[in-house]
Amino acid sequence: MSQLELSEQEQFRRKALEELRKAGIDPYPAAEFVTNVSTTEIKENFKPEKKKYQDVSIAGRIMNRRIMGNASFAEIQDDKGRIQIYLRRDDICPGDDKTLYNHVFKKFLDIGDFIGVKGFVFITQTGEITIHAKELTVLSKCLRPLPIVKEKDGKIYDGVTDAEFRYRQRYVDLIVNPKVKQVFVKRTRIIDSLREFFNSRGYLEVETPILQPIPGGAAARPFITHHNALDIPLYLRIADELYLKKLIVGGFDGVYEFSKDFRNEGMDRMHNPEFTVMEIYVAYKDYMWMMDFTEEMIEKVALDINGTTKIKYGNEEIDFKRPFARKTMLDTIKEYTDVDITGMDEKQLREVCDTLGIETDETMGKGKLIEQIFDEKCEPHLIQPTFIMDYPVEMSPLCKKHRKDPELTERFELIVNGKELCNAYSELNDPIDQKERFLEQLKLSEKGDDEAMFIDQDFLRALEYGMPPTAGLGVGIDRLTMLLTNQNSIRDVILFPTMRPEK
RNA sequence: GAUUCUGUAGCUCAGCUGGUAGAGCACAUCCCUUUUAAGGAUGGGGUCCUGGGUUCGAGACCCAGCAGAAUCACCA
């Protein structure tokens, strides 16, 4: 980029950079700057009578400056927060040479630059905890004007709100919007909390392939790529289910993975092409056990993150206190539509859909039709955490048939705010049954269902060696984060959401 | 993929019925040793998303495109 293409403000900052160098100051010094405190630590603990923090060293980004001649106030921001700095010319320049204040601080530094400050903490006349600077060190020059967001009594002035700007330049969003940073801190805490829950029960975190020759474990359109050395197509995983079950076959009794999955489908406020799912599989358990486990897990995470089981999400108040409601899918459909679809065949179900005003097409089998009825007529009403149990067998090709009714499966989903949050099975471990279910999927695929599952021969081979009865659970981490941080879009809980490239 | 809305200074936004491009913050210059959204004064800064069209004249109107957001469809 030539000098001519730079904005006026960028040119001024580049000029200041050169002036710093001329003054013998390296604008990008290599040496460590040792700090001994953070902004928030001072603000939380400083008491004027205690004589604490009389020799502090702190580093951060300049976010505000008020120059009053030979004394100035600045605010610097570190990882934790902000604090005000008081700079007096004769304090940071004790000798005759006043360059550091008159030129370096006043002329060559800007909002956005990183500085290090050594000094003591005091309270100003207006009552603000402030660091009185004795030394000032330039740590890094900022060459672009940083948007200035101001706040007074909770009111934001000149906020950076443009969604495109925020997502594309997330680094700026994080600098100027502290609430955004908090969301991502919470996201990590959620994952920490889950991990702690699993580890404390002795389950093992594992890593399974992202590049898979057959994308298994879910019904979805995959991304495809090519491996040059092997000269084969590879798919980005859509789920890690089959690999984790192979590990149960291999003798691990409890395994889990935080899995970045990829689906080549539509994008909207609930869907990003890459997203995170936690899947866990525990041997010798069933879906009833897993329901208790899920309840306990969700309640714990809510408490760990927000200190309460109650959350506000949009206009709803949701309570994650145990126990959650438990209903079968067929009962729920009866409850919301007054239709008992128990034992109906495909033709009858199609008629029910017509009466209820649900669109159908020829590629839809029995399972898909029931799913449509549930998704349209029931799911949106389920705001409080609700387990929906016993899905039709056609909808769940990897799930064990119900112990009491072969038309159903031992499956539950946890619905919160009208959306699926968790999905769990008594895992199908009968290799003959599994093969038949895969063949059913193949028929659906031939009928035109482009989401039907592929047949994974290696998975069938593993099951033939024997898999103990196993309960499995998947949790949408992005959606869980959205709920616990009250965010309306998945893009607000993913640091760098997928965007069309610029220009 | 469909529909609607949006795109003007570094940021947030005005811009009338089509008639010389505006404000606040930021930036620059000068003054000021306890200010806080904010010290005071003065000043500079624009590919009005892009390309066509209508018009004497387009930031505004029309067409096409690009990018984003919301809603819907599919999916978690």
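To find a chain, count down the sequence lines: A is the first, B the second, and so on, and within it residues start at 1. Quick caveat, the model's predicted, so the values are computed rather than measured.
Nucleic acid contact class of A:G476 (heavy atoms, under 4.0 Å, all strands): none. The residue A:D375 sits apart from the nucleic acid: no heavy atom pair falls under 4.0 Å. Nucleic acid contact for A:A220: none, since no nucleic acid atom lies under 4.0 Å from a heavy atom of the residue. The residue A:R66 sits close to a base: some heavy atom pair falls under 4.0 Å. Nucleic acid contact for A:F262: none, since no nucleic acid atom lies under 4.0 Å from a heavy atom of the residue. Among the protein residues, A:D268 comes within range of the nucleic acid bases, having at least one heavy atom under 4.0 Å from a base atom. The residue A:R269 sits close only to the backbone: its heavy atoms come under 4.0 Å of sugar-phosphate atoms, none of a base. Contact annotation for A:I67: base contact, defined as any heavy-atom pair under 4.0 Å involving a base atom. At a threshold of 4.0 angstrom between heavy atoms, the contacts of A:F12 are confined to the sugar-phosphate backbone, with no base atom among them.
Residues satisfying the side-chain hydrogen bond (donor to acceptor under 3.5 Å, both in side chains) criterion with A:D456, sequence neighbours excluded, are absent altogether. Taking the ring pair (Phe, Tyr, Trp, His ring centres under 6.0 Å) definition, one finds that A:F459 meets it with nothing, sequence neighbours left out. Every residue meeting the side-chain hydrogen bond (donor to acceptor under 3.5 Å, both in side chains) condition with A:D91, not counting sequence neighbours, appears here in chain and number order: A:R88, A:H132. Partners of A:Y287 by side-chain hydrogen bond (donor to acceptor under 3.5 Å, both in side chains), not counting sequence neighbours, listed by chain and number: A:D390, A:H402. Applying the ring pair (Phe, Tyr, Trp, His ring centres under 6.0 Å) rule to A:Y101 yields the partners A:F105; only residues at least two apart in sequence or on another chain are considered. Under the ring pair (Phe, Tyr, Trp, His ring centres under 6.0 Å) criterion, A:F320 pairs with no residue, sequence neighbours left out. Every residue two or more places apart in sequence or in another chain was checked for a ring pair (Phe, Tyr, Trp, His ring centres under 6.0 Å) with A:F275, and none qualifies.
Of the two residues near RNA chain B, A:N488 and A:Q372, the one whose nearest nucleotide lies more 5' is A:N488. Each of A:V149 and A:R65 was matched to the nucleotide of RNA chain B holding its nearest heavy atom; the match closer to the 5' end belongs to A:V149.
Remark: ring of A:F275 stacked against base of B:A76; centroid gap under 5.5 Å, plane tilt under 30°.
Of the listed nucleotides (B:C27, B:A37, B:C11), B:A37 has the atom at the smallest distance from the side chain of A:K152. Comparing B:U29, B:C27, B:A69 against the side chain of A:D110 picks out B:C27 as the nearest. When the nucleotides B:G68, B:A69, B:C11 are ranked by their closest atom to the side chain of A:R491, B:A69 comes out on top. Among the nucleotides B:G24, B:C74, B:A76, the one closest to any side-chain atom of A:I490 is B:A76. With B:U29, B:A67, B:U33 as the candidates, the nucleotide lying closest to the side chain of A:N70 is B:U33. Distance from the side chain of A:K150 is smallest for B:A37 among the nucleotides B:U35, B:U12, B:A37.
In this structure B:A38 sits in no base pair that meets the Watson-Crick or G-U test at under 3.5 Å. In this structure B:C25 sits in a base pair with B:G10, meeting the Watson-Crick or G-U test at under 3.5 Å.
A side-chain hydrogen bond (donor to acceptor under 3.5 Å, both in side chains) check over residues 147-159 of chain A, counting only residues at least two apart or in different chains, returns nothing.
Taking the ring centre of A:F496 as origin, the terminal cationic atom of A:R170 falls outside the region bounded by 6.0 Å and 45° from the ring axis.
Residue A:N272 has no polar side-chain atom (N or O) positioned under 4.0 Å from OP1 or OP2 of B:A76. Applying the 4.0 Å criterion to OP1 and OP2 of B:U12, one finds that A:K155 has every side-chain N and O outside that range. Put simply, A:T161 has no side-chain N or O that comes within less than 4.0 Å of OP1 or OP2 on B:A69.
Comment: A:K400 does not engage A:E410 in a salt bridge, judged by the lack of any side-chain N to carboxylate O separation of less than 4.0 angstrom. A salt bridge is absent between A:K15 and A:E18; no separation between the charged side-chain nitrogens and carboxylate oxygens falls under 4.0 Å. Comment: A:K419 does not engage A:E379 in a salt bridge, judged by the lack of any side-chain N to carboxylate O separation of less than 4.0 angstrom.
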Please produce a list of atom pairs where a protein N or O lies less than 3.5 Å from an N or O of nucleotides 1-10 of chain B.
from, atom 1, to, atom 2, distance (Å)
B:G10, N7, A:Q9, NE2, 3.4

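Although no hydrogens or angles enter the test, the distance criterion places no donor-acceptor pair under 3.5 Å between the side chain of A:R82 and the main chain of A:T40.
Distance check, rounded to the nearest 0.5 Å: CG of A:L480 to CD1 of A:I298 gives 5.0 Å. A distance of 11.0 Å separates CD1 of A:I214 from CD1 of A:I238, quoted to the nearest 0.5 Å.
Shown for residues 387-395 of chain A: no residue has heavy atoms falling under 4.0 angstrom of RNA chain B. A heavy atom closer than 4.0 Å to some atom of RNA chain B occurs in A:Q84, A:Y86, A:R88, these being the qualifying members of residues 81-89 of chain A. At a non-hydrogen distance threshold of 4.0 Å, A:T124, A:Q125, A:T126, A:E128 from residues 124-131 of chain A come into contact with RNA chain B.
Contact annotation: side chain of A:D162 to base of B:C11, donor-acceptor pair absent below 3.5 Å.
Between A:F293 and A:F197, the distance separating the two ring centers is shorter than 6.0 angstrom.
With rounding to whole Å, A:E164 atom CD is found 10 Å from B:C49 atom C1'.
B:C56 and B:U20: their C1' atoms are spaced 16 Å apart (whole Å).
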